[in-house]
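FYI, the numbering just counts along the sequence from 1. Computed over heavy atoms, backbone and side chain alike; hydrogens, waters and symmetry mates excluded.
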Amino acid sequence: PKSITPSYPQKKTMTTTSNDEAPPLSAVAESGADLSDVLDAQKKSTDPSTSGAAFIKAAPLSSDTSSSVSARPDVPSVSASAVLGESESMPEGTPQCHGYDFNNRGGDSTDGTGGGADEQTMLEGIMKAMRTTGFQATNLGMACDEIDRMRSWRLSDVPFREGIDDPDLRSAESRSKIRARIFLSYTSNQISSGQREVIKFLVQRGMVDVVVTTAGGIEEDIIKCFEPTYMGDFKLRGRDLRKKGINRIGNLLVPNNNYCKFEDWLGPLLVKMHDEQDAAAVEWAKDVAAGKREVGGSLPPQFAWTPSKVIERLGKEVNDESSVLYWCAKNSIPVFCPALTDGSVGDMMYFHSYKRPGLVLDIAEDVRRINDLAVRSHGTGMVILGGGLVKHHVCNANLMRNGADFAVYVNTANEFDGSDSGASPDEAISWGKIRLDARPVKVCCDATIAFPLIVSQTFARDVKGWRERTEGCVCWFEDSEDKEGADKGAGGIE
């Protein structure tokens, strides 16, 4: 049979001037020619073989002669080359896509007689297969790998830099005792939800070093020590709930009475803290009057409450082992919340100010504190659940040291609107918040789904072995136990 050649309507063309200048767009419109003609003229190309159609026709066909389609002369070459063009071979060792096969979980699981792997083994198999499942499942597996790297990192992994590093860090033994400082930040909804128990596990065992959250992440933790949060539904009407004095957080319900109990507890504590502030101010004034000065002649530092100091006090006062803040206070894990007044705590401070003005909350001191924790680290890792303030506060602190070495984001925000919440790890690299040679991972998923799975394969595995490996480790050489201000390494319960 004769070869079929696709026919195309004849197109009007433009001719250029003698000096090959492209005609104006108005001339194109008048002639009816395509804009592509002008672009070709601007490129000063007269070779018809460079046109788009010619290029497509010239694309190589598949070298597979057994292909019934590519071997047929009646198939238009443009179609054959578009559909059956040759592909390059994949690099050797490229992972192949495959998921978890429940038929291979062990035992007979198809005849109804039971058997098979236990739940823990099955979970491990599923999570291992995530890496080659594709899409966000693969990112979830990569997040586990990134957290494993930040937890196992030691300064001994990095060569000693002559003339730059402290000579005391020359020995491999001293470098092997310096680990990465891990920053954990999360939005308040993580504490409102059952994620609170996952986070409590981490701080209870001293597996993270710095915590950043929002005002809700503080007050909801304390409130749950008094009254529970209840399950509801996303579709419950706000108008009906408002009449009943019930607040909805997604599909969770928090009665107003829960906040009333929190405020009854916090009110007297604010008075007590105000008393302590004023007493410290009196002592400071006495020191100044007595001529006490710092080196250089400056006045001695004056006590002021900071968000992190207030939060530590709340954790000590609540004295409840179900509380995240309780364990942070017990294990000396600083909790930062630059927006502490943006919630019920702020409401109570507002009410308190009418009874007794003058309670001071110094956020500048906390900025220095968290930034110094990042700067005074030989390596850092960030685990960030959610976006907004908690994400930027940790990233900005790590900017002070030219970026974190490891980073895992878990959130559902997109970057199309330019928000910091949706900003990708790669954008953070451009700001210097994550280092150039880092391998950060973002998991686009509800953190209440992703993070418990991540923890099950990282922090919660081989807890005893991890504690033995981190015994005597510090995040900054000057904090080692042979120097003043010794840090005994990871705290927390066994």
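- Distance alone, capped at 3.5 Å, places no donor-acceptor pair between the T94 side chain and the M90 backbone.
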Test salt bridge (Lys or Arg N to Asp or Glu O under 4.0 Å) applied to D372 and R376, step by step: CA-CA 6 Å; D372 281 351; R376 293 171 60 84; over 6 Å; no
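- Distance alone, capped at 3.5 Å, places no donor-acceptor pair between the N258 side chain and the I223 backbone.
- The heavy-atom pair separating A215 from L340 by the smallest distance is CB-O, 3.5 Å.
- The CZ atom of F262 sits 6.5 Å away from atom CG of L314, with the distance rounded to the nearest 0.5 Å.
- In this structure, the separation between CD on E263 and CZ on F351 is 6.5 Å, given to the nearest 0.5 Å.
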Could you check D118 against T121 for side chain to side chain donor-acceptor pair (under 3.5 Å), going step by step and ending with a plain yes or no? CA-CA 5 Å; D118 58 54; T121 303; 2.9 Å; yes
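- Looking only at side-chain heavy atoms (C-beta outward), R461 and Q457 come within less than 4.5 Å of each other.
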Quick one: do E162 and R170 satisfy salt bridge (Lys or Arg N to Asp or Glu O under 4.0 Å)? Show the steps, please. CA-CA 9 Å; E162 194 69 48; R170 186 185 301 276; 2.9 Å; yes
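- Between T306 and L361, every side-chain heavy-atom pair lies at or beyond the 4.5 Å cut-off.
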Test log, rule salt bridge (Lys or Arg N to Asp or Glu O under 4.0 Å), inputs E146 and R149: CA-CA 5 Å; E146 179 76 347; R149 283 193 293 270; 2.5 Å; yes
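- At least one donor-acceptor pair under 3.5 Å links the side chain of Q277 to the backbone N or O of G358.
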Give the C-alpha distance, both sets of side-chain angles, the deciding distance and a yes or no for side chain to side chain donor-acceptor pair (under 3.5 Å) between S424 and D426. CA-CA 5 Å; S424 67; D426 187 65; 5.1 Å; no
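- Centroid-to-centroid, the aromatic rings of W284 and F303 stay 6.0 Å apart or farther.
- A pairwise comparison of heavy atoms in V474 and D479 identifies CG1-O, 3.7 Å as the closest pair.
- In this structure, R356 places its CZ atom where more than 12 heavy-atom neighbours from other residues, nucleotides or ligands lie under 6.0 Å away.
- Put simply, the side chain of R175 gets close to the backbone of L169: a donor and an acceptor are under 3.5 Å apart.
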For side chain to side chain contact (heavy atoms under 4.5 Å, CB included), just list the numbers for F201 and V324, CA-CA rounded to whole Å, side-chain angles, deciding distance to a tenth of an Å, and then say yes or no. CA-CA 8 Å; F201 167 82; V324 170; over 6 Å; no
Check against side chain to side chain donor-acceptor pair (under 3.5 Å), S419 and S421: CA-CA 5 Å; S419 66; S421 294; 5.0 Å; no
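- Under the 3.5 Å distance criterion, the side-chain polar atoms of R401 are left unmatched by any main-chain donor or acceptor of A397.
- Contact record, T380 with A374: CG2-O, 4.1 Å, taken as the closest heavy-atom pair.
- Rounding to the nearest 0.5 Å places OG of S185 at 9.5 Å from OH of Y409.
- The backbone N or O of G232 lies less than 3.5 Å from no partner atom in the side chain of N251, so there is not a single donor-acceptor pair.
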May I have the step-by-step check of side chain to side chain contact (heavy atoms under 4.5 Å, CB included) for I218 and V335, ending in yes or no? CA-CA 9 Å; I218 302 302; V335 181; 4.0 Å; yes
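- Side chain of K330 to backbone of Q204: no donor-acceptor contact under 3.5 angstrom is found.
- Residue V394 comes nearest to F183 through the heavy atom pair CG1-CB, 3.8 Å, listed as atom of the first residue, atom of the second, then distance.
- Taking 4.5 Å as the limit, every side-chain heavy atom of Q136 sits out of range of all side-chain heavy atoms of L140.
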Stepwise salt bridge (Lys or Arg N to Asp or Glu O under 4.0 Å) check, R469 with D462: CA-CA 11 Å; R469 292 190 296 273; D462 191 20; 3.2 Å; yes
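- Taking the side chain as every heavy atom from C-beta outward, I311 and C337 approach each other to under 4.5 Å.
- Here the side chain of R435 pairs no donor or acceptor atom with the backbone of D437 at under 3.5 angstrom.
- Rounding to the nearest 0.5 Å places NE2 of H392 at 10.5 Å from CD1 of I384.
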Verdict with supporting geometry, F336 and R369, side chain to side chain contact (heavy atoms under 4.5 Å, CB included): CA-CA 9 Å; F336 295 95; R369 187 181 181 193; 3.7 Å; yes
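- A donor-acceptor pair under 3.5 Å links the side-chain atoms of K391 to the main chain of D420, judged by distance alone.
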Go through it in stages, so that I can follow the logic: the residues are D209 and I333, the test is side chain to side chain contact (heavy atoms under 4.5 Å, CB included), and I'd like the CA-CA distance, side-chain angles, deciding distance and then a yes or no. CA-CA 6 Å; D209 305 289; I333 300 173; 5.9 Å; no
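- Within 6.0 Å of NZ on K261 lie no more than 12 heavy atoms contributed by other residues, nucleotides or ligands.
- Atom CG of L359 has more than 12 heavy atoms from other residues, nucleotides or ligands within 6.0 Å.
- Rounding to the nearest 0.5 angstrom, the gap separating the CZ atom in F234 from the CG atom in L252 is 7.5 Å.
- Side chains of M382 and V408 form no contact here, defined as non-hydrogen atoms less than 4.5 Å apart.
- Side-chain contact between Y186 and V383 is absent, with no heavy atoms from C-beta onward closer than 4.5 Å.
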Does Y326 form a side chain to side chain donor-acceptor pair (under 3.5 Å) with E317? I'd like the steps, not just the answer. CA-CA 8 Å; Y326 166 83; E317 293 286 342; over 6 Å; no
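- The closest side-chain donor-acceptor pair between Y259 and E220 falls under 3.5 angstrom.
- Looking at heavy atoms from C-beta onward, S152 lies out of side-chain contact with R179 at the 4.5 angstrom threshold.
- Ring geometry for W476 against H378 counts as parallel: the plane angle stays under 30°, on a 0 to 90° scale with 60° as the upper cut.
- Atom-to-atom distance recorded for D145:CG and R131:CZ is 4.0 Å, nearest 0.5 angstrom.
- Looking at D221 and S323, their side chains do bring a donor and an acceptor atom within 3.5 Å of each other.
- T132 and P95 make their closest contact through CG2-CB, 4.4 Å (heavy atoms, listed as atom of the first residue, atom of the second, distance).
- Nearest heavy-atom pair across Q195 and A447 is NE2-O, 2.8 Å.
- For T458 and D148, the side-chain atoms include no donor-acceptor pair closer than 3.5 Å.
- K309 has a carboxylate O that lies under 4.0 Å from a charged side-chain N of E365, or vice versa, which qualifies the two as a salt bridge.
- Side-chain atoms of N256 never come within 3.5 Å of backbone atoms of I246 as a donor-acceptor pair (strictly under, hydrogens ignored).
- Looking at K177 and R154, their side chains never come closer than 4.5 Å, going by heavy atoms from C-beta outward.
- Cation-pi contact between K433 and W431: present, with separation from the ring centre below 6.0 Å and deviation from the ring axis of at most 45°.
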